[in-house]
**Student:** 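The structure that follows is given in the form of C-alpha cells.
Everything numeric in this text was worked out from a predicted model, so none of it was measured.
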Amino acid sequence: MTKHVAVLMGGWSSERPVSLASGKECADALEARGYRVTRVDVGRDIATVLTSLRPDVAFNALHGPFGEDGCIQGLLEILEIPYTHSGVMASSLAMNKDRAKAVMKAAGVPVAPHCIMDRLEAAREHAMKPPYVIKPVNEGSSFGVLIVGEDQEHPPQQLYSSEWPYGDRIMVERYVAGRELTCAVMGDVALGVIDIVSDQHQFYDYDAKYAPGGSKHILPAEISPNIYHEVQKLTLKAHQALGCRGVSRADFRLDDRLHGTGELICLEVNTQPGMTPTSLVPDMARHAGHSFEDVVSWMVEDASCAR
C-alpha cells in the first residue's frame with residue numbers, strides 16, 4: 001500500500017521561508033517516488049489537522065523553534081505518528097546551544113569557550129576579549145548572530161533594541177578564525193566534508209546559506225586527509241552524543257591560516273538541516289551516490305516514534 005506522508009512545513013518561526021522551501025523540495029521528491037503526499041503549512045491547529053489526516057508518516061521539514069526543539073516531536077509522539085529526524089530529547093538538546101555544547105564537550109568533541117548572559121548586560125561591556133561571537137541560544141539559520149571584531153570598542157548596540165526578537169539570554173563565544181567546514185550524518189554514516197566559501201559575507205550567514213550564489217560548496221573539502229577524517233569522526237560522535245536520529249549536520253571552524261592556531265572546533269549540530277536547492281546535505285548525499293529522492297525516501301522509511 002502506498003504510504004501517506006504529511007510534509008510539515010512553514011510554521012511561525014523566523015525560519016518559515018526556509019522551511020517552506022525545504023518542504024516543497026521534499027514533497028516534490030516524495031511524489032516523484034510514488035508516495036501519497038499532503039503538504040501541511042503548520043499552524044496552531046496542527047494537532048487537529050494531523051488527527052484528521054492520520055498520515056502514515058510525518059516528514060518534518062520545519063525549522064527553528066517549535067519545529068526543531070522537541071515540541072512538534074512531542075506532539076507526534078502523543079498522536080502516535082511516526083516522524084523523521086531526531087526525537088524529543090535530542091531535538092530539544094541540540095537546539096539549546098549551551099547545553100548541547102556541554103554534552104559534546106563531555107563526549108570529547110572540541111567546542112569554543114563561551115558564556116551565557118543577559119543581552120543588555122552583553123551590550124554594556126565586552127563579555128570577553130574580542131574577537132567573539134554573539135548568538136541567540138535557541139535559533140538557527142544564523143539569525144541574530146553578531147561578530148565582534150578585535151578593533152571594536154563597544155559591544156553591538158542593537159542588543160539594546162526593544163525590537164530584538166531572539167530572547168534575552170544570549171551566548172557569547174570566542175571567535176575562531178579560518179575555514180567553515182560542515183559534515184552530515186545519514187543513519188550512522190558520516191558523509192563527505194564541505195568547505196563553505198562565502199567571499200561576500202563575513203561568515204556563513206542567512207544570505208550566504210540561502211541566496212543563489214551566496215556561497216560555494218567545495219566537496220570534498222581541500223584539507224589534509226587527517227583533518228578530513230577527524231571532522232567525519234567528530235560529526236558522528238556529536239550526532240550520537242546528542243542522541244540524534246536520521247539526518248543531522250555538524251558545523252565546524254578550522255583555523256589553518258599561515259600563523260593560525262590549527263584548532264578544529266564544533267560550532268553546533270543541526271537536527272533539521274535545510275533541504276533547499278542551495279542546502280548542504282543534498283550536496284553531501286549526491287557525493288556519496290544518493291540522489292535527493294533517495295535521501296527523502298530513506299528518511300520516510302526510517303521514520304518512527306520513540307526516537
**Student:** Only pairs at least two apart or in different chains count here, so list each ring-ring contact (aromatic ring centres under 6.0 Å, His included) that has a residue in residues 86-120.
**Tutor:** none
**Student:** Is any side-chain N of the basic residue among Glu301 and Arg33 closer than 4.0 Å to the acidic one's carboxylate O?
**Tutor:** no
**Student:** Hey, what else clusters with Val185 if you join Ile, Leu, Val, Met, Phe, Trp, Tyr whenever side-chain heavy atoms sit under 4.5 Å?
**Tutor:** Leu236
**Student:** May I ask you to test the Met117-Ile170 pair for a side-chain heavy-atom distance under 4.5 Å?
**Tutor:** yes
**Student:** Taking Glu15's backbone N and O only, do any of them form a donor-acceptor pair with Ser19's side chain (distance below 3.5 Å, no angle check)?
**Tutor:** no
**Student:** Return yes when atom CZ of Arg99 has more than 12 non-hydrogen atoms of other residues, nucleotides or ligands closer than 6.0 Å, and no otherwise.
**Tutor:** no
**Student:** According to salt bridge (charged side-chain N to carboxylate O under 4.0 Å, His left out), who are the partners of Arg54, at least two apart in sequence or on a separate chain?
**Tutor:** none
**Student:** Rounded to the nearest 0.5 Å, how far apart are OG1 of Thr182 and CZ of Arg249?
**Tutor:** 4.5 Å
**Student:** Counting C-beta onward and ignoring hydrogens, is there a side-chain heavy-atom pair between Asp283 and His287 closer than 4.5 Å?
**Tutor:** no
**Student:** Test: ring-ring contact (aromatic ring centres under 6.0 Å, His included). Region: residues 4-24. Which pairs qualify, not counting sequence neighbours?
**Tutor:** Trp12-Phe66
**Student:** Atom CG in Leu181, atom CG in Leu254: separation rounded to 0.5 Å?
**Tutor:** 5.5 Å
**Student:** Would you mind listing every side chain to side chain donor-acceptor pair (under 3.5 Å) that reaches into residues 219-230, with sequence neighbours excluded?
**Tutor:** Glu230-Lys233
**Student:** Are Leu234 and Met104 connected in a single hydrophobic cluster, I mean Ile/Leu/Val/Met/Phe/Trp/Tyr linked by side-chain heavy atoms less than 4.5 Å apart?
**Tutor:** yes
**Student:** Restricting to non-hydrogen atoms, name the atom on Ser161 and the atom on Arg119 that form the minimum distance, rounded to 0.1 Å.
**Tutor:** O-NH1, 3.2 Å
**Student:** Main chain of Thr276, side chain of Ser279: is a donor-acceptor contact present, judged purely on distance under 3.5 Å?
**Tutor:** yes
**Student:** Is there a donor-acceptor pair closer than 3.5 Å between any side-chain N or O of Gln157 and the backbone N or O of Pro155?
**Tutor:** yes
**Student:** Is it true that atom CE of Met89 has more than 12 heavy atoms of other residues, nucleotides or ligands lying nearer than 6.0 Å?
**Tutor:** no
**Student:** Is there a continuous path of hydrophobic side-chain contacts, each under 4.5 Å between heavy atoms, that joins Leu30 to Val40?
**Tutor:** no
**Student:** Please output the side-chain donor-acceptor pairs of residues 129-137 that fall under 3.5 Å, not counting sequence neighbours, one pair per line with the distance.
**Tutor:**
residue: Tyr132; atom: OH; partner: His126; partner atom: ND1; Å: 2.8
residue: Lys135; atom: NZ; partner: Glu173; partner atom: OE1; Å: 2.8

**Student:** Are Val57 and Trp298 connected in the hydrophobic side-chain network, where two residues link if heavy atoms are under 4.5 Å apart?
**Tutor:** yes
**Student:** Connecting only ILVMFWY residues whose side-chain heavy atoms lie within less than 4.5 Å of each other, what is the rest of Tyr160's hydrophobic cluster?
**Tutor:** Leu120
**Student:** Inspect the contact between Arg307 and Asp302 and indicate whether a charged nitrogen and a carboxylate oxygen are less than 4.0 angstrom apart.
**Tutor:** yes
**Student:** Mind listing the closest non-hydrogen atom pair of Gly11 and Asp41 along with its distance?
**Tutor:** N-OD1, 3.7 Å
**Student:** Hey, could you give me the CG/NE2 distance between Asn270 and His85, rounded to the nearest 0.5 Å?
**Tutor:** 8.5 Å
**Student:** Considering only residues two or more places apart or on different chains, which pairs with a residue in residues 238-278 satisfy ring-ring contact (aromatic ring centres under 6.0 Å, His included)?
**Tutor:** none
**Student:** Count I, L, V, M, F, W, Y as connected when their side-chain heavy atoms are under 4.5 Å apart, and connections chain through other members. Are Leu242 and Val88 then in the same cluster?
**Tutor:** no
**Student:** Would you say Ser22's side chain and Met275's backbone share a donor-acceptor pair under 3.5 angstrom?
**Tutor:** yes
**Student:** Residues in salt bridge (charged side-chain N to carboxylate O under 4.0 Å, His left out) with Arg179, at least two apart?
**Tutor:** Asp195, Asp256
**Student:** Taking ring pair (Phe, Tyr, Trp, His ring centres under 6.0 Å) as the definition, give me every residue that meets it alongside Tyr83, ordered by chain and number, with sequence neighbours left out.
**Tutor:** none
**Student:** Once salt bridge (charged side-chain N to carboxylate O under 4.0 Å, His left out) is applied, do any residues pair with Asp255, and if so which ones, sequence neighbours excluded?
**Tutor:** Arg257
**Student:** Listed by chain and number, what are the salt bridge (charged side-chain N to carboxylate O under 4.0 Å, His left out) partners of Glu121, not counting sequence neighbours?
**Tutor:** none
**Student:** For Leu79 and Ala47, work out which heavy atoms get closest and say how close.
**Tutor:** CD1-O, 4.2 Å
**Student:** Nearest 0.5 Å, what's the OG-CG distance between Ser91 and Leu62?
**Tutor:** 11.0 Å
**Student:** Would you say Leu8 and Leu50 make side-chain contact, with heavy atoms under 4.5 Å?
**Tutor:** yes
**Student:** Rounded to the nearest 0.5 Å, what separates atom CD in Glu68 from atom OG in Ser13?
**Tutor:** 8.0 Å
**Student:** Hey, mind stepping through Arg36 and Thr2 against side-chain hydrogen bond (donor to acceptor under 3.5 Å, both in side chains) and telling me if it holds?
**Tutor:** CA-CA 6 Å; Arg36 179 186 161 210; Thr2 302; over 6 Å; no
**Student:** Mind checking the CD-CD1 spacing from Gln73 to Ile78? Nearest 0.5 Å is all I need.
**Tutor:** 12.0 Å
